[in-house]
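Worksheet for the structure shown next.
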Amino acid sequence: MKKIMALLLSVGMLLSFAACSQTRSLADIQKSGKLVMATNAEFEPFEYHDGNEIVGIDIDISEKIAEKLGVELEVLNLEFDALIPALQGGKADMIAAGMTADEDRKKNVDFSESYYNAAQVIIVTKDSPITGPADLAGKTVGVQQGTTGDKYCTNEDGESEYTVGEVKRYSKGMEAVSDLMAGRLDAVVIDSFPADKFVEKNSDTLQVLEEALTENEEYAIAVPKGNKELLDKINEVIREMKESGELEQIVNQY
Ligand code: GLN
């Protein structure tokens, strides 16, 4: 039995080594001529569809990184909860998806310096009796699957300050917002900037509550664990963009 376990363990280790070696070095990226960035283009203004094109703040930042490396940018559009597995499996070189650099994810990926500070906010209808996070108790709340909003509302680790009744998970934030407008949800918990965009489009029926559910979520770019060379380049670009004011300019443009 012990032998079998040892064998299984070593096979497992070999497989994970194989997975590691699939992630590309800086030299590999430059040789191939393209930087593959994975995202979930359902998150305006960070990444969203404009006709057939995927555009947004994360795309603009990623373009800068590709430019720095002297390669083309390729955008891989996936479900949000498929992003980290794709990075680990070597399908992408980095993730730029309004992703919060949270402690759980740090076990699986390395994060760049932060480029945006966000919050998890609550969207409700204008006639809703919900006026703040404490009113979510017993209510049905929509979230985007696999996000920090999902984690906070689901509260598996018991760390959340507020409790909600039932959590409904959606692959697209927009679908949660539609269900809210159709009366199938009491509230939607989602990141602040996308929330503003959703509400902007439905400002006669929806509102973002003033009191946020959480504050201080730092968005950062994720790279495969240990890819320091690539991470250093990304950090260089982020720093340059902050110092020159270009980052702020891009954010304001959306
Ligand atoms: N910032 C949130 C997270 O990292 C949501 C990101 C997203 O939906 N693209 O979980």
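All values below come from the heavy atoms of this structure, side chains included, with hydrogens, waters and symmetry mates left out. Counting starts at 1 for both ligands and their atoms, in listed order.
Annotation: T147 places no N or O atom under 3.5 Å from an N or O atom of ligand 1; distance criterion only. Between N40 and ligand 1, not a single N/O pair is under 3.5 Å apart. In terms of polar-atom proximity, G98 is counted as a contact of ligand 1, with an N or O under 3.5 Å from an N or O of the ligand.
Scanning all protein heavy atoms for the shortest distance to atom 9 (N) of ligand 1 gives A97 O, 2.8 Å. The protein atom (non-hydrogen) at minimum distance from atom 8 (O) of ligand 1 is Q144 OE1, 2.9 Å. The single protein non-hydrogen atom nearest to atom 5 (C) of ligand 1 is D191 OD1, 3.3 Å, given as residue, atom name and distance.
Note: F193 and F46 have perpendicular aromatic rings, judged against thresholds of 30 and 60 degrees for the angle between ring planes.
When the side chains of ILVMFWY residues are joined at heavy-atom separations under 4.5 Å, either directly or via intervening members, I95 and V36 end up in a single hydrophobic cluster. Both Y162 and V141 are part of a single hydrophobic cluster, where members link through side-chain heavy atoms under 4.5 Å apart.
Of the possible polar contacts, one joining the Y152 side chain to the E161 backbone as a donor-acceptor pair under 3.5 Å is found. Between the side chain of K172 and the backbone N or O of F43 there is no donor-acceptor pair closer than 3.5 Å. Without hydrogens or angle criteria, Q120 side chain to S192 main chain gives no donor-acceptor distance under 3.5 Å.
Using a cut-off of 4.0 Å between Lys/Arg side-chain N and Asp/Glu carboxylate O, E248 and K242 are scored as not salt-bridged.
Numbered from 1 in the order shown, with element, the atoms of ligand 1 that lie under 4.0 Å from a heavy atom of Y219 read 1 (N). Taking every heavy atom of T100 and a limit of under 4.0 angstrom, the matching atoms of ligand 1 come to 1 (N), 2 (C), 3 (C), 4 (O).
Within the structure, the closest approach of R105 to ligand 1 falls below 4.0 Å when heavy atoms are considered. Ligand 1 has no atom lying under 4.0 Å from any heavy atom of F46.
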